[in-house]
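Accompanying notes for the structure given below.
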Amino acid sequence: MPAPTHFLCLPLAGAQLARSLSLFRDDVTSAMSFGVPQEAVRPLGTLHLTLGVLSLKEDGVARAGELLRSLRLGEMLGDAGAPADGLSMALQGLHAMQTPSKTSVLYAPPVDADGILFRFCEQVRATFRDAGLMADEGRPLLLHATVVNTIYVKGGGRGRREKLTLDARDMIRRYDDYLWAADLRVDRVALCRMGAKKIEGTDDEAYEVEAEVRVAETVA
């Protein structure tokens, strides 16, 4: 499978999420706490829920953008069981992508007790798979917002191919019920290019958005 160039996602933002991430960063990077390298904690502007990755050439980028803009997200949310006034979600807790005692990625999962968010995201994914723009990875969708990834720590591994890993068991216990945000509106889906870039004049980073569509723009 060719290397992924883009990803489809639900971008995440908001004042509560910004505060929660700042408090989390201050705690876990402290030498008196867990001593996580600063570079491992992801910047606010990069937070998102990934729906899937794509390997696209330039003509494929145009096709994917056109397909995304054609989606009637309001109808898809309704089909998934969302209330008439739209869908909001919470982010709560902290999970490890690998074994908690030796992991390189930690993420915040969305609260989706009724499965509405999952069904909506699966509909969007299926549209791109059916169009031949997204490969079927053969594994279930795991909705997650990555908050720690040690791949961004320079020189963190002992060898070129070895990533820095963390024993995150105590961190996960401390943040098991941590509420990152209580009312994140599902308001858009974006097609982004891999590789976050620095936002000039800030400590933040963001991904280049190739195309996006907002729910409000697709409601008749």
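The first residue of the sequence shown is numbered 1, and numbering continues consecutively from there.
- A donor-acceptor pair under 3.5 Å links the side-chain atoms of Arg119 to the main chain of Asp114, judged by distance alone.
- Here the closest non-hydrogen pair linking Leu191 and Leu68 is N-CD2, 3.7 Å.
- Within the 3.5 Å criterion, the main-chain N or O of Ile116 finds a donor-acceptor partner in the side chain of Asp112.
- In this structure a side-chain-to-backbone donor-acceptor pair under 3.5 Å is present from Thr202 to Asp204.
- Of all heavy-atom pairs between Ala211 and Arg69, the closest is CB-NH1, 3.3 Å.
- Leu133 places a side-chain heavy atom less than 4.5 Å from the side chain of Arg63.
- In this structure, Arg193 is not positioned above the aromatic face of Tyr207 in the sense of NZ or CZ being under 6.0 Å from the six-membered ring centre and within 45° of the axis.
- The hydrophobic cluster containing Leu142 also includes Met97, Val105, Tyr107, under a criterion of side-chain heavy atoms closer than 4.5 Å among ILVMFWY residues, counted directly or through chains of members.
- With sequence neighbours excluded, the residues forming a salt bridge (Lys or Arg N to Asp or Glu O under 4.0 Å) with Arg188 are Glu212, listed by chain and number.
- When all heavy atoms of Val153 and Glu39 are compared, the closest pair comes out as CA-CB, 4.2 Å.
- Annotation: side chain to side chain contact (heavy atoms under 4.5 Å, CB included) contacts of Arg129 (sequence neighbours excluded): Glu122, Arg125, Ala126, Met134, Asp136.
- Other cluster members for Met32: none, since no ILVMFWY side-chain heavy atom sits under 4.5 Å from it.
- Using modelled atom types and a 3.5 Å distance limit, the side chains of Thr46 and His48 yield no donor-acceptor pair.
- Between Lys57 and Asp59, no side-chain nitrogen of the basic residue sits less than 4.0 Å from a carboxylate oxygen of the acidic one, so the salt-bridge criterion is not met.
- The side-chain contact (heavy atoms from CB on, under 4.5 Å) with Leu94 is formed by just one residue from the set Val28, Asp176, Val147; it is Val147.
- At distances below 3.5 Å, not a single donor-acceptor pair connects side-chain atoms of Ser22 with backbone N or O atoms of Ala18.
- Evaluation of the side chain to side chain contact (heavy atoms under 4.5 Å, CB included) rule for Ala182 yields Gln16, Leu179 as partners, not counting sequence neighbours.
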| request: Under the side chain to side chain contact (heavy atoms under 4.5 Å, CB included) rule, what do Thr127 and Asp130 come out as? Steps first, then yes or no, please. | output: CA-CA 5 Å; Thr127 303; Asp130 292 346; 6.0 Å; no
| field | CA sep, side-chain torsions, deciding dist, call: Ser101, Asp167, side-chain hydrogen bond (donor to acceptor under 3.5 Å, both in side chains) | value | CA-CA 4 Å; Ser101 61; Asp167 183 346; 5.5 Å; no
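- Residues Arg42 and Leu21 approach most closely at O-CD2, 3.5 Å, considering heavy atoms.
- With hydrogens and angles left out, the side-chain atoms of Asp27 and Ser33 include a donor and acceptor closer than 3.5 Å.
- With Thr165 contributing its side chain and Thr103 its backbone, the two residues share no donor-acceptor pair below 3.5 Å.
- By the criterion of side-chain heavy atoms lying less than 4.5 angstrom apart, applied directly or through intervening Ile, Leu, Val, Met, Phe, Trp or Tyr residues, Leu141 is grouped together with Leu117 in one hydrophobic cluster.
- For the side chain to side chain contact (heavy atoms under 4.5 Å, CB included) test, residues two or more places apart in sequence or in another chain that qualify with Met194 are Pro4, Phe7, Val53.
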